Amino acid sequence: MAITGDGTAAGGALPLHTGAANRAPVNRAPAQAAGKPAGPGSDTVGYRGPTACAAAGITYRQLDYWARTGLVEPSVRPAYGSGTQRLYSFRDVVVLKIVKRLLDTGVSLQNIRTAVQHLASRELSDLAQMTLMSDGATVYECTSPDEVVDLLQGGQGVFGIAVGVVWRDVEAGLSQLHGERVDTGETLIGHNPHDELARRRNRAV
């Protein structure tokens, strides 16, 4: 079952766009905790712009432009003016990397914007099980191998982005960088909020 950009559902993979025919919403079962990638909680740890850029593989100019145009805005803390630092969640960084890959494959900014809005509407646990397929013009969501095969056989899927793989790539990248506790502003080495040893080392510096 796939979801269109307007939050409606139908059998098979459908393009992520608005204006689709009205269909009954689908109720998804909660994702199982086992087997899905685990990332830092977006309500606990944030990442500054340079860190988000490094993990997503983008330039700071791209990050700044996407934030100012509302394509991908920092969900933890926006920039309020001179001297303030944007703070991105783990989920934000995953979306930034997906946007970069879509741009690199020639997907239009309009379709990318729709895909970003769609990703924002999904539960965090759903993202790790999702594959985005595209023919370079339209982006489709697939939630099963059969949907991926159907798109490929129909010539609608030229390339795919397994969001779970992007998730793990971002997680690995961020593990080499610093995060920041949202509540205290403390810099986290290894940015694991449950790593007491890292916090103690940070305080000792």
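Remember, predicted model here, so these are calculated numbers, not experimental data.
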(request) Kindly say whether Q85 contributes a backbone atom to a donor-acceptor pair with the side chain of R77 at under 3.5 angstrom? (result) yes
(message) Please determine whether side chain to side chain contact (heavy atoms under 4.5 Å, CB included) holds for the pair L177 and Y47, giving the CA-CA distance in whole Å, both sets of side-chain angles, and the decisive distance to 0.1 Å.
(response) CA-CA 9 Å; L177 303 166; Y47 307 94; over 6 Å; no
(message) Taking OH in Y65 as the centre, count heavy atoms belonging to other residues, nucleotides or ligands within less than 6.0 Å. Is the count above 12?
(response) no
(message) Please say yes or no: joined through hydrophobic side-chain contacts below 4.5 Å, possibly via intermediate residues, are V149 and I161 part of one cluster?
(response) no
(message) For a 4.5 angstrom cut-off between non-hydrogen side-chain atoms, does R181 reach L188?
(response) yes
(request) Decide yes or no on side chain to side chain contact (heavy atoms under 4.5 Å, CB included) for D64 and R86, but give the supporting numbers first. (result) CA-CA 10 Å; D64 183 61; R86 296 188 184 103; 2.8 Å; yes
(message) Any non-hydrogen side-chain atom of F90 less than 4.5 Å from a side-chain atom of V45?
(response) no
(request) Would you mind reporting whether L119 and M130 have side-chain heavy atoms less than 4.5 Å apart? (result) yes
(message) With side chain to side chain contact (heavy atoms under 4.5 Å, CB included) as the criterion, how do L71 and L109 come out once you've worked through the C-alpha distance, each side chain's angles and the decisive distance to 0.1 Å?
(response) CA-CA 9 Å; L71 179 61; L109 190 59; 3.9 Å; yes
(message) Evaluate Y88 against V95 for side chain to side chain contact (heavy atoms under 4.5 Å, CB included), listing each step before the verdict.
(response) CA-CA 11 Å; Y88 290 82; V95 173; over 6 Å; no
(message) My understanding is that only residues two or more places apart in sequence, or in another chain, count here; which of them pass salt bridge (charged side-chain N to carboxylate O under 4.0 Å, His left out) with K97?
(response) none
(message) Please tell me whether L103 and V163 are part of a single hydrophobic cluster in this structure, the criterion being side-chain heavy atoms less than 4.5 Å apart.
(response) yes
(request) Name all residues meeting the salt bridge (charged side-chain N to carboxylate O under 4.0 Å, His left out) criterion together with R101; count only those two or more places apart in sequence or in a different chain, and write none if there are none. (result) D169
(message) I want to check something: taking the side chain as every heavy atom from C-beta on, are T114 and V139 in contact at a cut-off of under 4.5 Å?
(response) no
(request) Would you check if the side chain of D92 reaches a backbone N or O of S89 as a donor-acceptor pair within less than 3.5 Å? (result) yes
